[in-house]
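Side chains included, hydrogens not; waters and symmetry mates left out as well; all remaining heavy atoms used. A, B, ... follow the sequence lines: proteins, then strands. Residue 1 opens every chain.
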Amino acid sequence: MPTKRHYCYCSLWSLFSYFSLVYILYFADSHKHKDKYKDKEHKHKDHKERENSKYGNSDHKEFSEKKHGEKEKERIKHKDGSTDRHREKDKRKEIKPKKEKENGFSSPPRIKSELNNDDVYHSPKSLKRERDHDETEFKPKKIKLENDKVDKKAKKRKQDEDIKPKKTQKNKKGEVADGKKKAKKEPEEKWKWWEEERATDGSKWSFLEHKGPVMAAPYEPLPSNVRFFYDGKQMKLSPEAEEVATFFAKMLDHEYTTKDTFQKNFFKDWRKEMASEEKSKITDLKKCNFNEMGEYFKAQSEARKAMTKDDKLKIKVENERLLQEYGFCIMDNHKERIANFRIEPPGLFRGRGDHPKMGMLKRRIRPEDIIINCSKGSKHPKPPPGTKWKEVRHDNKVTWLVSWTENIQGAIKYIMLNPSSRIKGEKDWQKYETARNLKKCVERLRNQYREDWKSKEMRIRQRAVALYFIDKLALRAGNEKEEGESADTVGCCSLRVEHINLYPEKDGQDFVVEFDFLGKDSIRYYNKVPVEKRVFKNLQLFMENKQPEDDLFDRLNTSILNKHLQELMDDLTAKVFRTYNASITLQQQLKELTSPDENLPAKILSYNRANRAVAILCNHQRAQPKTFEKSMQNLQTKIDAKKDQLSDAKRDVKSAKADLKVRRDEKFKKAVETKKKAVERLEEQLMKLEVQATDREENKQIALGTSKLNYLDPRISVAWCKKWGIPIEKIYNKTQREKFAWAIDMAEDDYEF
DNA sequence: CGTCGTACTTAGTAGCCACCGC
DNA sequence: GCGGTGGCTACTAAGTACGACG
């Protein structure tokens, strides 16, 4: 029911104080690395200053000319982790000889013993990791153990305790987390890939071994007492037809199934699966009665809920076993978690929004549809007995382990690694570095597009106005999409005339543009924005002589825009603006909202408010929680009760005062005082409840998670936590800490985005 | 240039589960 | 113990981007 989404009031102008960025670089007291890094610190300083001062490559070149040890020092681990990786890749062309090691991978190895890093990641010529140079203490690399979830947590904690304090010799209140944890004894050490080299030859890995995907469970035919009726008459379906019928039956009380498109698509695809007699008999969906099937599945899920603890445990154990067996792969000597190791089961396609293909049958994927990607020298995953993979390939220019083509849109689906993996983490880190580069030149670009608003060429004006929107409103790029293949949604470049309204004057503001369109996932974007006069005039121009359904930017698309952006800055694309604006907003908001003397919950509230500002900017919405109304009502009853109490208390005060008037007595005086106190207390409680209510109200349709996970440079949050002594667990849950391990490890309290 | 195929990121939701107050 | 509730994870759809090709 995507239509129940509502408005986004993105009145976040104020968040964009474009000109108010304050760069506070407290170099002097920021070097709190582990002792062993100390000697490098002055270098970091140099480097960082240079980085800030310009934005070309030249500065870096000289570094690479230096010799080993020194070069290395330059590169690694700025206290803020600001190594410019993409820049380096140009310089560091030398390719390391990669070694493939088979290294005792027997079925599901719980522990991967590590090779000496030098063997594996190094070319003699390339830069080295920092650790290498304290050769004495660093030799063969430790054991890697990256499965075992339970231990992992402990491990991480341990690290937090053991390492951070060392690094941050004095660390302010920073380590609240400190004492509180029982130091568990895992000796192993988490792999810090961020302290290592990256490949520069475009290869994504040099060794990859995995067990392949877990296929979807085969279809289990219904018991014979569960019947299907057509036109009132019972009918036994062939297994193929029955399976598809069950997909529908399972969704019976979902709104989807009432939709015309859904029914049509379903029925069409269902008929394709029917045997010919079935096909000739079953011609009208309305005459189909799936109720018994539906009831059956409901009963099943009830039964599942009512299962004994033991049975539930059994399932849990089995899942865990599958996870251990298929949930990990070996990539370049490390055991890494796979994100989605299960093949998507068949079912009915549920598109979002008004999707023309909703209800279509999502086919069962067979081994013959599946492409496996792994190392030549690795133990290849075996297809299920009696089947074959479509192909086994060895492409180390890509990161996926398994792929197949889905039948609805013809899109390719992949099995890839978890966000905590090196391969995802590096990319993520790089993304934020690109956004930080944008920060350095964003003013230049803004001046540029302002100029371009005046261009004689229509395409340039359009490009400039679109870019203005992308920058100011954090709109998505807006690739064009094939009509009829998916829901009608747009982004910036694909905006149509009908999606905006122009008001020369509205609500006391001049030159207001009103946006109203469906964006990704058919989430509505609604916003009224005052714009600069030139933009406004341009928009009028772009809309001249056009129909509502015509493109607003008819001379522009994402590839033109991105090509232009590439010329302005390396690696710059439209989506970088979203990342940049999100992160910079968080940083500013945190600065603004955090007050030093607040207590911990208040600080966390401030963090969430800052986070919320970003979510609003990016229009990250969620469906109102189903229980929202009710829980809100509960809160309201509480508030009402409080109000009653309060007015009672006030009345008490009054009567006490009256009493006091009649008889001036110490006792009555006291009574008045205590009654007054009671009133105050109640007022305070009431206020708290009301704040809570507004808070929840404000958040009801805003999803904070997306921005936290995808747009906010985690180092900003980590730094903020360190600065104010907030335990990181208050901000990031376990998964998030795993994903952002690199940032947690490298960012210090003075990190500046 | 536009189109297509591919790879990878970003997105919201369903449903499970741990925890909380009673 | 119980039911509500909020957090989290798994899932998979829907974006962006880019290179090859004609």
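Between the C1' atom of B/dT10 and the OH atom of A/Tyr432 lies a distance of 11 Å, rounded to the nearest Å. The separation between A/His620 atom NE2 and B/dG12 atom C1' is 10 Å, rounded to whole Å.
Here A/Lys357 lies out of heavy-atom contact (under 4.0 Å) with every strand. A/Asn562 comes within 4.0 angstrom of the backbone, heavy atoms only, and of no base. Across all strands, A/Thr399 comes closer than 4.0 Å only to sugar-phosphate atoms, never to a base (heavy-atom distances). Contact annotation for A/Gln409: backbone-only contact, meaning every heavy-atom pair under 4.0 Å involves sugar-phosphate atoms and none involves a base. Within 4.0 Å of A/Glu480, counting heavy atoms only, lies no atom of the nucleic acid at all. Within 4.0 Å (heavy atoms only), A/Lys305 reaches no atom of the nucleic acid at all. Nucleic acid contact class of A/Pro345 (heavy atoms, under 4.0 Å, all strands): sugar-phosphate only. Among the protein residues, A/Ala339 comes within range of no part of the nucleic acid, since none of its heavy atoms lies under 4.0 Å from any strand. The residue A/Tyr414 sits close to a base: some heavy atom pair falls under 4.0 Å. Looking at heavy-atom distances under 4.0 Å, A/Thr489 makes contact with sugar-phosphate atoms alone, never a base.
In the model, A/Thr489 has a side-chain atom that pairs as donor or acceptor with a side-chain atom of A/Lys481 under 3.5 Å. Side-chain contact annotation: A/Gln324 with A/Glu320, donor-acceptor N/O pair under 3.5 Å present.
A ring-centre distance under 6.0 Å is not found for A/Tyr326 and A/Phe341. Note: A/Tyr711 and A/His620 meet the aromatic proximity criterion, with ring centroids under 6.0 Å apart. Ring to ring, A/Phe469 and A/Phe515 are close: their centroids are under 6.0 angstrom apart. Checked against the 6.0 Å centroid threshold, A/Phe349 and A/His355 count as a close aromatic pair.
Toward the 5' end of DNA chain B, the nearer of the two residues A/Lys563 and A/Ser403, judged by each one's closest nucleotide, is A/Lys563. Taking for each of A/Arg304 and A/Lys427 the nucleotide of DNA chain B with the nearest heavy atom, the 5'-most of the two is the partner of A/Lys427.
Where DNA chain C meets chain A (any atom under 4.0 Å from a heavy atom), the bounding nucleotides read 5' to 3' are C/dT5 to C/dC18.
Residue-to-nucleotide contacts include a donor-acceptor pair under 3.5 Å from the side chain of A/Lys520 to the base of B/dT10.
Between A/Tyr525 and A/Phe517, the angle of the ring planes stays under 30°, which puts this pair in the parallel group of the 30/60° scheme.
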